[in-house]
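Working notes, beginning with the structure itself.
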Amino acid sequence: MRDYAKIVSRYQIQSECLKNIYQTMDHSDSEDSLPDTTAVQHRLPMPAISKKEALKTWLAFDMAEELAESLVANQFMKPTEIQAQSLSYLNAHVDMVVAAKTGQGKTLCFGIPVLDLLVKRLARDADAEFGSIKALIMSPTRELAIQIKDHIQAIVPVQFEQKIKVCPIVGGMSIQKQERLLSYKPTIVIATPGRLWELVNERMNPYLTNMLPMIDVLVLDEADRMIEDGHFKELKLLLDFIYTKRVEYKKQDMGKAKKPEEVNPDKRQYKEDILKWTKDSSATKKEFGVKDIEKSKSKIDLSQVVDLYDEDGIMGEIDADNLVIEYDEKEEKKEGRKSGKGGKASQQRRSKEDEETLAREYKKMGGIQHIICSATMTIDTSGRITPKMQKKMKKQGIRQPEKVDTLEQLCKTLRFRSKNPKVIDLTDNDQNQRMPETLKERAIRCKNEEKDLFTYYFLRDNKDQATIIFCNSITCVRRLTSLLSFLKVGNQWPLHSKMQQRQRLKNLDRFKNAVSKCESGASGGDGAILVCTDVAARGLDIPYVQRVLHYQCPFNAEVYIHRCGRTARIGRDGEVMALLAPEDEKAFRSIRRVVLGQADERLEPYPISYVQLSKLEPLVEAAKKFESALHKTDSEKKEANWLIKAAKDADLTLDDNLKVQIQETLGGKLALAGKKRKATPEQVAAIDIVEDEGGARHRQKEMSKVQQLKKKYEELKKSENFKRFSNSSYLTPEAASYLNELIKTGQQKADLEIVYAGQHSDNVPKQKFKRTEKFTSRYKNRRRR
Ligand SMILES: Nc1ncnc2c1ncn2[C@@H]1O[C@H](COP(=O)(O)OP(=O)(O)OP(=O)(O)O)[C@@H](O)[C@H]1O
């Protein structure tokens, strides 16, 4: 553990000086309370207007009256800017690419057009029944899919609730249950790619396989993430399935159409069919629609966008109600024979021709309306490579990676209905405005091993607030959650992809409830903390989250933007804090360069009371030791249990050599997974004897260590406000740089002197201040070296 007494004696003057700087920051520095940082103020997101006025605003977009009424009933009194711009194309049914900062209401940019289409049809014909999927909405994460479902469900007009059924299809939940849901013939399906593909490909769900190709609207939320290479190969397969089958179904005799429940395709044949186009999909991917689409630029503004109505005029509505095409076995076999034989080249040639024909036919028959959304769609990623890096790469003969243009990639992947999609991009009008205006970004610079301490400090500092902490790994989430629970700072819940889906949703729900309590002041001073991986970075909308803490530096600018976007939503204030270790600096600078579109600006430091910090440090260190010892015994227990079971199952007898070998393993590094895997069955079997001897003793020893640590930690906790280090402070690079900044400007120097003099009016020698200045410049030089 760091010995603060030593640091204090070495940096006595600096401590005093830092203390004074801290005083200039206007914090109460009482022994018991941590400084109170500026409270996040909640602003009313939307101006208060009358219901009548609100209705008029929505109706100005020529939307169904029932839908406008439902929006107002849900307190959506007027559209946000991105909604207003995208709704101006409501009745044109054009393809749209919608890009706006996080938390600006992009969900309704596709939710309203989808519902408007359905509500208008129902308003025209009250007896109409859909009985087919009209819109498919794809989301990268399960939680987001469920959130979108709730959001859209909430604005379905009450009178049409029975007819417009919204159904989430996500992984991690009972597939049988989801098949049951599908048997109710939902109108809007919101899905994650993996599960949807499983239902189409593995389970051959007839409703999906027959209806998906006939959808009217396809939405990709968080599209840049969805089409990223290496992610969601199922999405690409699904898209190929939808596009190919759409043409096929339409080409076939419409007279053969049957109701979905009557369809009973030969499953074996159907599987072959699916396999066939799955194999062909690489060819499909390459060519489809690309040549028609003008290469998009990385930065497109509205003025650059040509009018994008379809060449044949505005597309009419495609009604696929009850349309199911019988599976034509003979035809398929014939085709299979045709494509199954022949060389690779001829196959490729044929598939290219096929694709071109297919693309033409697809257009002629009426394509699907695509709506694509994200906050980072048009981000200029070229800033990731600095001119310095470029030079270095050139010298070393390394080819620069091609600039990734998400929009271009989208155009290649998707078959838009019209020549070009309508691009509505509000992220690009001002390079400095990638982040919501109401978001405050700050940083704490510390060593890697001090991150827990600063996290604890930060959370205590914002005790009764809602915070999301982002980590880069699941191990980190697990460790930090259990550490924070020992430290008893607020209520904390983990969220990561290795958790059971039920638990993930439960934790999210509990966090949301705790956030509402924080907002209403009913939390009793207990904060709400979600410790998560980037599975929660995109799209999650928890309105009153006031703070986001980057415990670890995000991998790229997109992730940073989305993580930050979990706060400061829809006009509310929010604060993000990056915990930066020296090794994070470079990556973080390059992230900021992409976000700002220019050279990095140093983030404002978070005010720290080093006096308070030093008081918390022993407690955090004790909790860390306790947590890691407990974790070690836990995993050893698991390991031993596994070995015991294996030995018993193997029913083997052991010789003495083996016993010694395993005793050593158990006594020393039992938990080494590598060793476990390498162990022979005989070695494994030796465990039942070792269990009675070394293993049990070893675990007993470990447990008593844990107990001791726990005791120590509990004692420390009770005496948390002990005075031992009350006069101490220590200097982090962050504090040193702040000190330098203060000293640099004359006015601040004067201020500092006044405050300093005020604090120690009798015995403050000017010379002491000078020593401080000298020290900090020396400190700075040392850092440079
Ligand atoms: N017109 C509106 N008036 C008031 N609140 C709105 C309006 N539209 C959306 N909201 C609210 O704004 C919040 C953010 O909306 P949404 O999740 O759609 O944002 P987003 O732009 O998709 O964010 P992200 O990029 O993080 O996914 C939601 O709580 C939503 O209910």
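- In this structure, E143 and Q501 have side chains that are in contact, with non-hydrogen atoms separated by less than 4.5 Å.
- Side-chain polar atoms of H562 and T376 form a donor-acceptor pair below 3.5 angstrom.
- Residue T192 comes nearest to G171 through the heavy atom pair OG1-N, 3.6 Å, listed as atom of the first residue, atom of the second, then distance.
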- Walk me through it: do D452 and R479 pass the test salt bridge (Lys or Arg N to Asp or Glu O under 4.0 Å)? CA-CA 10 Å; D452 292 333; R479 193 192 62 81; 3.0 Å; yes
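- When atom types are taken as modelled, the side chain of K625 and the backbone of V620 share no donor-acceptor pair closer than 3.5 angstrom.
- Here the closest non-hydrogen pair linking A623 and L487 is CB-CD2, 3.7 Å.
- Heavy-atom minimum distance, A443 versus L580: CB-CD1, 4.0 Å.
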Would you list the atom pairs, donor with acceptor, under 3.5 Å between side chains in residues 467-477 and any protein atom, with sequence neighbours excluded?
unit_1 : atom_1 : unit_2 : atom_2 : d
N472   : OD1    : R563   : NH2    : 2.7
N472   : ND2    : C553   : O      : 2.9
S473   : OG     : C476   : N      : 3.1

- Taking it one step at a time, do R225 and E222 satisfy salt bridge (Lys or Arg N to Asp or Glu O under 4.0 Å)? CA-CA 6 Å; R225 169 92 172 86; E222 305 297 346; over 6 Å; no
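- Side chains of S374 and D224: a donor on one and an acceptor on the other come within 3.5 Å.
- Residues K624 and E621 are paired through a salt bridge, judged by an N-O separation under 4.0 Å between the basic side chain and the carboxylate.
- Side-chain contact between P193 and M226: present, with at least one pair of heavy atoms (C-beta onward) separated by less than 4.5 Å.
- Using a 4.5 Å cut-off on side-chain heavy atoms (C-beta onward), Y551 and F454 make no contact.
- Between C446 and E450, the closest heavy-atom pair is CB-OE1, 3.5 Å.
- Checking side-chain atoms of Q492 against main-chain N and O of I529 turns up no donor-acceptor pair under 3.5 Å.
- Proximity of P554 to H550: side-chain heavy atoms (C-beta onward) are separated by under 4.5 Å at one or more points.
- When atom types are taken as modelled, the side chain of Q147 and the backbone of D541 share a donor-acceptor pair closer than 3.5 angstrom.
- Put simply, the side chain of L549 does not reach to within 4.5 Å of the side chain of V576, judged on heavy atoms.
- Taking a cutoff of 4.0 Å between a charged side-chain nitrogen and a carboxylate oxygen, D509 and R504 do not qualify as a salt bridge.
- Centroid-to-centroid, the aromatic rings of F555 and Y560 stay 6.0 Å apart or farther.
- Residues R566 and I542 form no side-chain contact, since every pair of their non-hydrogen atoms from C-beta on lies 4.5 Å or further apart.
- By the 4.5 Å heavy-atom criterion applied to side chains, D526 and D464 are not counted as neighbours.
- Remark: L603 CG to K440 NZ distance equals 10.5 Å, nearest 0.5 Å.
- For the 3.5 Å distance criterion, the side chains of S139 and D221 fail to qualify, holding no donor opposite an acceptor.
- A side-chain N or O of E627 and one of S482 form a donor-acceptor pair less than 3.5 Å apart.
- At least one side-chain heavy atom of Y457 sits under 4.5 Å from a side-chain heavy atom of S609.
- Between the side chain of N462 and the backbone N or O of L459, no donor-acceptor pair lies under 3.5 Å.
- Between E198 and R195, at least one side-chain nitrogen of the basic residue sits less than 4.0 Å from a carboxylate oxygen of the acidic one, meeting the salt-bridge criterion.
- The two residues P607 and R442 have their closest heavy-atom pair at CD-NH1, 3.5 Å.
- Put simply, the side chain of Y606 never gets that close to the backbone of F458: no donor and acceptor are under 3.5 Å apart.
- The nearest pair of heavy atoms linking C564 to V548 is O-CG2, 4.3 Å.
- Under a cut-off of 6.0 angstrom, the local environment of NZ in K451 is crowded, with over 12 non-hydrogen atoms contributed by other residues, nucleotides or ligands.
- A donor-acceptor contact closer than 3.5 angstrom links the side chains of E583 and N448.
- Of the listed residues (N513, I146, L530), just one forms a side chain to side chain contact (heavy atoms under 4.5 Å, CB included) with L508, and that residue is L530.
- Of the possible donor and acceptor atoms, none in the side chain of E202 sits under 3.5 Å from a partner among the backbone N and O of L199.
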